[in-house]
Number of protein chains: 2
Amino acid sequence: MTVTLADVAARAEVSPATVSRVLNGNYPVAASTRERVLRAVDELDYVLNGPASALAAATSDLVGILVNDIADPFFGIMAAAIQSEIGGPGGRAGGERLGVVCNTGGSPERELTYLTLLQRQRAAAVVLTGGAVEDSAHAAAVATKLRKLADAGTRVVLCGRPPAPAGTDAVALTFDNRGGGQQLTEHLIELGHRRMGYIAGPEERTTTRHRLEGHRAALAAHGLPDDPRHTVYGRYDRRSGYEATLELLRRDPDLTAVVAANDTVALGACAALRDSGLRIPDDISVVGFDDLPFSVDAVPALTTVRLPLSEAGARAGRIAMGREEPPPGGIATVRGELMVRGSTGVPKG
Amino acid sequence: MTVTLADVAARAEVSPATVSRVLNGNYPVAASTRERVLRAVDELDYVLNGPASALAAATSDLVGILVNDIADPFFGIMAAAIQSEIGGPGGRAGGERLGVVCNTGGSPERELTYLTLLQRQRAAAVVLTGGAVEDSAHAAAVATKLRKLADAGTRVVLCGRPPAPAGTDAVALTFDNRGGGQQLTEHLIELGHRRMGYIAGPEERTTTRHRLEGHRAALAAHGLPDDPRHTVYGRYDRRSGYEATLELLRRDPDLTAVVAANDTVALGACAALRDSGLRIPDDISVVGFDDLPFSVDAVPALTTVRLPLSEAGARAGRIAMGREEPPPGGIATVRGELMVRGSTGVPKG
DNA sequence: AGCGTTACAGCAAGCGCTTTCTACCTGATG
DNA sequence: CATCAGGTAGAAAGCGCTTGCTGTAACGCT
């Protein structure tokens, strides 16, 4: 039924070993033989049996990419960049690897299960993207898993995620969420804002905490009070931004600016503000984070911090493939760039 | 170094066969034995070797999901829905499958290469999403590939993609792009629009052609002429929408409406119109297609056709897993729903 | 009491490939 | 002309798991 290596070998009148060597190209094979084999492969329309070769060679060509939410462009952009470097199809010659994107939906259990599944497949590499959950039990479980993966020869790279505990020899490309958050708030302070609402992401995420820390650091640096009523936690989606904004307005109708956890949330915030009859930025300013493609299209265009998602993803992909040296110490911080646009202005009055 | 089935067997004092059967749960094993085995698995922290079991069982637990652009929420949403049904982690009990998302970037070659890679992995199922390329050579190549996959036992499902040629026994869930396009244009015509520009997607995609056909059908039904100068082809991104709009305006400054190939393009169109000093919908109306999450947030909110991406994806996923009966004849058409919002209005004058 | 069943467990034969080691042939070398 | 190195090809031993088939003990039946 299915064509095997042996069939090809028979047809090319060589041994299976030779066919295997032609296909893997890591052993000298005379040009004429090679050609004969290749022809047989073609004629028989032979496709290597992945599991069999993975078993025999004890390595596979799978590369896992874990994302929190595949429907969110933040992750989609990184995943696309990573996958483009994984080689896979379209990549440069050699090592055709299958970059597989796994959607954890932000669930710690799913994250762990996917890691096990990848471990089971003996993945060549794993890239984890996005913020981590701060629950210590889970963090420990992940760290253990990563260490096992690494022990089994799987390269582990973290992209846009805080470094794993020492010992897990995972390379980490971390976004400077703290610095970005600080820049944003500093920008607002410079414009003259003093009463700012903050819409945070899910409380247990590192990303949430770091961005919020940046915000608070900016407040502190300028001697501004940090009123706890001015912070509302939510999810990283539009809906959450909408609701959180209404809540903030209820708590303090005199806010002059809203700082959102990310661009998607900021969009929800804008909608809520408009629905509340406020004009942006005349009555109230709004800032986001990430600079996703749609942010420049918002009306008014969103002031935000651009994160080089594509670049970081590509680099993570290359490191995962062993095509680029990991940064010294295994950790690199990727900074964002403040993009000042129409959604921020001088406060009224 | 690595723990194998045999190690577990030794520890549990049973044969490897028994361990395998406990793990696969498809053969009677006494409760006490099972428990002993499970304990051993736990103690040794054993992880099944995927390739080995795939080889021995001649099936794997990989399910491929092909998308054109993973950074585009249109695909992201479908992929997330499909993956959630693949079982994978978080899914209901049994068959833990690894749903892998492959990003073709719209390239026919990559599409083919990914299919080969999945064939090589002996994937349990493959779901292809989004429009197909109409180049006949490529279509034939894909059809051949799909047929081979099917022959090898891989279930093939098309989601939001036209049915494959007969013979390829692939299940198809097709979006009614033609009908949607027609509804949109009919809505504009009813509002009184007569001069409408159309921004199409890439010319070789089926989606592009179908939506455009719907538009033209509506024009024809109302006896309106179809001026070729009123159609511009581009890509499915914002930039393309922006540029195409400027081009349309150049060709006919008196347009009263712009019909965009999808919401992303529509957003670009809105930006171009605003930059040209036109107000939406007072001076000119705009419609999109898909109803992606951000469309309701545009200012004004976009009139568009909602496609049940999540539902269709979930259904495709279930069919791929064999958990739902394929539609009769293997083909189902999924209709969109017209969402009338602020971006369309009665034309001026 | 004897025999057919049922319920489990084990044996062993692969699944299709990679890779080490060995064998061979050729041409170069002394 | 004998010897040796270099370059190629083959034989065969697994890789770790699944599964058909073969026991075997316990049970229920006539």
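For Tyr27(A) against dA9(D), a side-chain N or O and a base N or O form a donor-acceptor pair under 3.5 Å. At a cut-off of 3.5 angstrom, the base of dG16(D) holds no donor-acceptor pair with the side chain of Arg122(A). You won't find any donor-acceptor pair under 3.5 Å spanning the side chain of Arg120(A) and the base of dG16(D), going by distance alone. With hydrogens and angles ignored, no donor-acceptor pair under 3.5 angstrom links the side chain of Arg36(A) to the base of dT8(D).
Atom pair Leu55(B):CG and dC15(C):P shows a separation of 9 Å (rounding to whole Å applied). The nearest whole Å value for the distance from the CD atom in Glu35(A) to the P atom in dT8(D) is 15 Å. At whole-Å resolution of the value, CG in Leu44(B) and P in dG16(D) are 15 Å apart. Rounded to an integer number of Å, the gap from CD of Glu13(A) to C1' of dT8(D) is 17 Å. Atom P of nucleotide dT19(C) and atom CG of Leu5(A) are separated by 12 Å, given to the nearest angstrom.
Along DNA chain D, the nucleotide nearest Ser15(A) and the nucleotide nearest Thr4(B) are compared for position; the residue whose nucleotide lies closer to the 5' end is Ser15(A). Residues Asn26(B) and Asn49(B) each lie close to DNA chain D; by heavy-atom proximity, the contact nearer the 5' end of the strand is made by Asn49(B). Ranked by how close their nearest DNA chain C nucleotide is to the 5' end, Ala52(B) and Ala30(B) are led by Ala30(B).
Under 4.0 angstrom from either OP1 or OP2 of dT18(D) there lies at least one side-chain N or O belonging to Asn24(B). When the side-chain nitrogen and oxygen atoms of Thr33(B) are compared with OP1 and OP2 of dC8(C), none of them lie within a distance under 4.0 Å. Within the structure, every side-chain polar atom (N or O) of Thr18(A) is placed at least 4.0 Å from both OP1 and OP2 of dA9(D). Regarding contacts with the backbone of dT18(C), a side-chain N or O of Ser20(A) is found under 4.0 angstrom from either OP1 or OP2.
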Can Lys145(B) and Gln119(B) be said to form a side chain to side chain donor-acceptor pair (under 3.5 Å), step by step?
CA-CA 9 Å; Lys145(B) 208 52 155 178; Gln119(B) 179 184 6; 3.0 Å; yes

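Within the 4.0 angstrom heavy-atom criterion, base atoms lie near Ala17(B).
The 12-atom threshold is not exceeded at CD of Glu13(A), counting heavy atoms of other residues, nucleotides or ligands nearer than 6.0 Å.
Side-chain N/O atoms of Thr18(B) and Ser15(B) include a donor and acceptor closer than 3.5 Å.
Closest to the Val14(A) side chain, of the nucleotides dT19(D), dG16(D), dG10(D), is dG10(D). Residue Thr2(B) places its side chain closer to dG16(D) than to any other of dG16(D), dA9(C), dA11(D). Considering only the side chain of Arg21(A), dG10(D) comes nearest among dT18(D), dC11(C), dG10(D).
Between Asp169(A) and Arg147(A) no salt bridge is recorded (no basic side-chain N to carboxylate O distance below 4.0 Å).
The residue from Asp151(B), Thr168(B), Thr154(B) that alone fulfils the side-chain contact (heavy atoms from CB on, under 4.5 Å) condition with Leu146(B) is Thr168(B).
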